[in-house]
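To start, the structure under review is shown below, and the notes come after it.
Both backbone and side-chain heavy atoms feed into the values below; hydrogens, waters and symmetry mates do not. Since the model is a prediction, treat every value here as computed from it, not as a measurement.
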Amino acid sequence: MPARCERRVEAGPRPAWVRGLRCHLDMSQREFADHLGVGRSTIEFWESGRYWPQGLTYKAILGAAQAAGYPPPPAPWEQDDYERYQQSA
C-alpha cells in the first residue's frame, strides 16, 4: 500500500470507498483531483464525508472505478446512488 494511503481515517462507508478507489489507483489527492477535473479540497471533502460526488463528477468517479475494476459504492447507498446516476444521465 502506498505510504499516502496508510493513514486511515474512518468517516463511513462512502468516504472510505472514495479513498479506497484513490488508493487503488495509486494516486495522491492532487493526482485524483486532476484526473477527475476537480480541486484537491473536493477530494478531501469526499474522503471526510462532508460531501458526496454529484452529477457529471459522480459519473466520472463511477467510470474511474469501473475502468479500474473497483467495486461500486457500498450499500445501503448503492441503489440510491445508482438512481441518482440514472437521473443525471
Side-chain angles (χ1 to χ4, degrees):
M1 175 178 289
R4 62 182 161 232
C5 293
E6 288 177 3
R7 186 175 63 94
R8 301 292 291 167
V9 176
E10 292 303 324
R14 295 195 307 177
W17 181 83
V18 173
R19 187 171 190 281
L21 172 59
R22 178 177 63 79
C23 291
H24 179 78
L25 296 171
D26 192 25
M27 292 183 176
S28 66
Q29 285 184 339
R30 168 62 57 206
E31 292 167 332
F32 195 44
D34 290 346
H35 179 73
L36 295 173
V38 299
R40 190 199 57 78
S41 62
T42 299
I43 303 300
E44 189 176 321
F45 289 154
W46 293 345
E47 291 184 3
S48 71
R50 188 169 181 185
Y51 298 111
W52 180 244
Q54 301 289 320
L56 293 176
T57 307
Y58 187 71
K59 286 183 182 182
I61 201 168
L62 285 180
Q66 185 176 23
Y70 197 74
W77 297 278
E78 186 173 342
Q79 184 62 36
D80 204 41
D81 292 338
Y82 180 75
E83 289 169 6
R84 185 179 303 118
Y85 171 74
Q86 290 299 320
Q87 291 170 357
S88 68

* Asked: Looking at side-chain heavy atoms only, is the closest gap between Arg19 and Pro15 below 4.5 Å?
  -> no
* Leu36 side, atom CG; Thr42 side, atom OG1 - distance, nearest 0.5 Å ->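 Between atom CG of Leu36 and atom OG1 of Thr42 there are 9.5 Å.
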* **Interatomic spacing from OG in Ser28 to CG in Asp34 - rounded to 0.5 Å** => 7.5 Å
* Structure fact -> For Pro73 and Leu62 the tightest heavy-atom approach is CD-CD2, 3.8 Å
* Asked: Is the CD atom of Glu44 crowded by more than 12 outside heavy atoms at less than 6.0 Å?
  ->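 Yes.
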* **Listed once per pair and sorted, the ring pair (Phe, Tyr, Trp, His ring centres under 6.0 Å) pairs that draw on residues 18-46, sequence neighbours left out** =>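 Found His24-Tyr70, Phe45-Tyr51.
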* To do: Would you check if the side chain of Trp17 reaches a backbone N or O of Pro71 as a donor-acceptor pair within less than 3.5 Å?
  => yes
* So which of Arg14, Arg40, Arg22 actually passes salt bridge (Lys or Arg N to Asp or Glu O under 4.0 Å) with Glu47? ->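 Of the listed options, the one satisfying the test is Arg22.
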